[in-house]
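Following: one structure in structure tokens, then a few remarks.
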2 protein chains.
Amino acid sequence: MATQAGAVAQPRVPLSRTRVLGAAVALADEGGVDALSMRRIAQALGVVPMALYKHVTSKNELLDGMIDVLVGEIDPPAEGTDWKSAIRRRVLSARRMLLRHPWAPEVIEARMKARATPTPALLEYLDSMVGIFRGGGFPIGLVHHALHVMGSRLLGFSQELFEDRPGRAPDTDALPAEEMAARFPHLAELAMAVAHDPESVVGSGCDDQFEFEFALDLTLDGLERLLRNAS
Amino acid sequence: MATQAGAVAQPRVPLSRTRVLGAAVALADEGGVDALSMRRIAQALGVVPMALYKHVTSKNELLDGMIDVLVGEIDPPAEGTDWKSAIRRRVLSARRMLLRHPWAPEVIEARMKARATPTPALLEYLDSMVGIFRGGGFPIGLVHHALHVMGSRLLGFSQELFEDRPGRAPDTDALPAEEMAARFPHLAELAMAVAHDPESVVGSGCDDQFEFEFALDLTLDGLERLLRNAS
DNA sequence: ACCTGAACACCGTTCAAGT
DNA sequence: ACCTGAACACCGTTCAAGT
């Protein structure tokens, strides 16, 4: 059957920056950041690798774009609440986004180290966060401190060293449990206590969501105290 | 001039795991994590690439080893002080280590996501930190919370989104200053205030060391308050 | 038994040749 | 003018051939 000349060679949906970034995010969600390559993104889109460079100038710029896609997934600030619950809600929304994209902290860390300035969407997000603090009566100098205190928690992650990593293969250098307990007695005691804590989720060891909110609230309470002393 | 057969072909200092890790850390210190490749480490050591695999089973295992080298640079815990200043000193020592190796957070983040367990040296470090909290009278459950609250600050970094990055080339997508100020009014106000703050270091914008300690102390004060309420 | 060169299966990106 | 195949300069790691 004959088709209109030229039409058959084109992809059904024309390539666009949005489609490239979408495919990249999907690839990273599936296979982690190691699975992300220009060639594989192209393959997923049914396109020759060089075609991507029309919509993205380099892999680094692609990573920046992916960060902005993620920041776009964070809920806009709530209207008509106090600063504390507005910040709290927003941070928890950022955290939900992050749980969908576990590769994000690593990419954000890497790109932030390389860039002179956060990406545009990140600037917008930070600007709005600063606006919430200001609206809550924070003097500008205290806002500055607050940003440092919140650190990466503003984006929903706290760079845990000890995350639950279910389903991961045991490390090749892992020690037997008894030897672990002998060498790291305090960690062993901690693991024991957490495992028997009725508050924590059964099987998973510790309730990450609870702990995240606990740390977030401690931080916010500290800032609230500073605000009271300042005014 | 004749030399003893075989002697001339050997490197003056025989290769060892320590030498491999040392060369890798030095390479990362110089050129960042992107400059780190097995081939380049081998070149720096005057050795064929495959020779490294005698002392290191893979690049990932090399990265783990590098992390342990860094953790080894953190000062041992101070004796005979209260928990608060012991933790504080140790964290500030970790931060000094980190300032010598700016690539560390990215590598730690990446490896921690990939491994089931922190590296052995990191476990030792965390165990000792837990020991300090315990020695200070913290109930084990509160130690658990404390670790989550401290998060990455235990290792001296707080994953700042807005670090000073002097000497970095301006981003290709950077906006002119006036447009920046218009689009991000709250950040502009903040930048202005920080620039005029007599407390901050001239030229650098904000005093990172001061802000780090400020955030650290706020966190430690929060934990101290929890401890008082618990006992 | 040890060591290592060549090879394999990838990368990101340039560039010139095609339409 | 646009698109793209081949090529370039790299990767980490396997493996077989050398000693």
Side-chain angles (χ1 to χ4, degrees), chain A residues 3-17 19-21 23-25 27-28 30-67 103 106-107 110-111 114-115 169 172, chain B residues 3-17 19-21 23-25 27-28 30-67 103 106-107 110-111 114-115 169 172:
Chain A
T3 54
Q4 287 187 287
V8 79
Q10 294 187 12
R12 277 204 312 275
V13 181
L15 215 53
S16 67
R17 184 161 222 270
R19 283 218 323 137
V20 170
L21 294 178
V25 168
L27 215 54
E30 279 170 41
V33 80
D34 287 343
L36 195 73
S37 80
M38 297 301 275
R39 286 163 136 102
R40 256 195 276 237
I41 297 165
Q43 196 181 19
L45 290 164
V47 137
V48 87
M50 284 312 298
L52 302 178
Y53 285 81
K54 181 120 301 165
H55 304 95
V56 133
T57 65
S58 70
K59 191 181 184 182
N60 280 337
E61 203 255 334
L62 172 106
L63 292 172
D64 292 341
M66 291 168 72
I67 292 174
W103 48 271
E106 184 183 343
V107 169
R111 289 304 302 150
R115 291 177 55 99
T172 51
Chain B
T3 54
Q4 288 188 284
V8 78
Q10 292 188 14
R12 277 204 313 273
V13 182
L15 216 53
S16 67
R17 183 160 223 271
R19 280 210 334 129
V20 170
L21 293 179
V25 167
L27 215 56
E30 279 170 40
V33 79
D34 288 343
L36 194 74
S37 80
M38 298 301 276
R39 286 162 137 102
R40 257 196 275 237
I41 297 165
Q43 196 182 18
L45 289 165
V47 136
V48 87
M50 283 313 298
L52 302 178
Y53 285 82
K54 180 122 302 167
H55 304 96
V56 132
T57 65
S58 70
K59 190 180 185 184
N60 280 337
E61 203 256 334
L62 172 105
L63 292 171
D64 292 342
M66 292 169 71
I67 292 175
W103 47 271
E106 184 183 343
V107 170
R111 289 304 302 152
R115 292 177 55 97
T172 51

Checklist entry - Could you give the CE-to-C1' distance, from A:Met50 to C:dT13, as a whole number of Å? => result 6 Å

Item to check | Distance in angstrom units between A:Leu27 CG and C:dC11 C1', rounded | outcome: 14 Å

Next on the checklist: When both hydrogen-bonding distances must be under 3.5 Å and the geometry is Watson-Crick or G-U wobble, what is D:dC15 paired with, if anything?
Outcome noted: C:dG5

Checklist entry - Less than 4.5 Å apart, any side-chain heavy atom of B:Leu15 and any of B:Lys54? => result no

Checklist entry - Can you tell me how far P of C:dT13 sits from CG of A:Leu52, to the nearest Å? => result 11 Å

Next on the checklist: For a quick test of reading the model, state the closest non-hydrogen atom pair linking B:Leu21 to B:Met66 and the distance between them.
Outcome noted: CD2-N, 3.9 Å

Checklist outcome for this item: A:Gln43 atom CD is separated from C:dA9 atom C1', nearest whole Å, by 14 Å

Checklist entry - In whole angstrom, what separates B:Glu61's CD from D:dG12's P? => result 15 Å

Checklist entry - Heavy-atom distance under 4.5 Å between the side chains of A:Leu45 and A:Leu52, does that happen here? => result yes

Item to check | Distance in angstrom units between B:Leu62 CG and D:dC11 P, rounded | outcome: 14 Å

Checklist entry - Between B:Arg40 and D:dC10, does any side-chain N or O lie under 4.0 Å from OP1 or OP2? => result no

Item to check | Candidate pair B:Ile41 and B:Leu62, rule side chain to side chain contact (heavy atoms under 4.5 Å, CB included), full reasoning | outcome: CA-CA 11 Å; B:Ile41 297 165; B:Leu62 172 105; 3.8 Å; yes

Checklist entry - Is there a side-chain polar atom (N or O) of A:Lys54 under 4.0 Å from OP1 or OP2 of D:dC2? => result no

Checklist entry - Rounded to whole angstrom units, what separation is found between the OH atom of A:Tyr53 and the P atom of C:dC15? => result 13 Å

Checklist entry - C:dC10 pairs with which nucleotide, Watson-Crick or G-U wobble, both distances below 3.5 Å? => result none

Checklist outcome for this item: The answer to which of A:Arg39 and A:Ala51 contacts DNA chain D further toward the 5' end, by nearest nucleotide, is A:Ala51

Checklist entry - Under 4.0 Å between a side-chain N or O of A:Lys59 and OP1 or OP2 of C:dT13? => result no

Item to check | Side chains of A:Pro49 and A:Arg39 in contact at under 4.5 Å (non-hydrogen atoms) | outcome: yes

Item to check | d(CG, A:Asp34; P, C:dG12) in whole Å | outcome: 12 Å

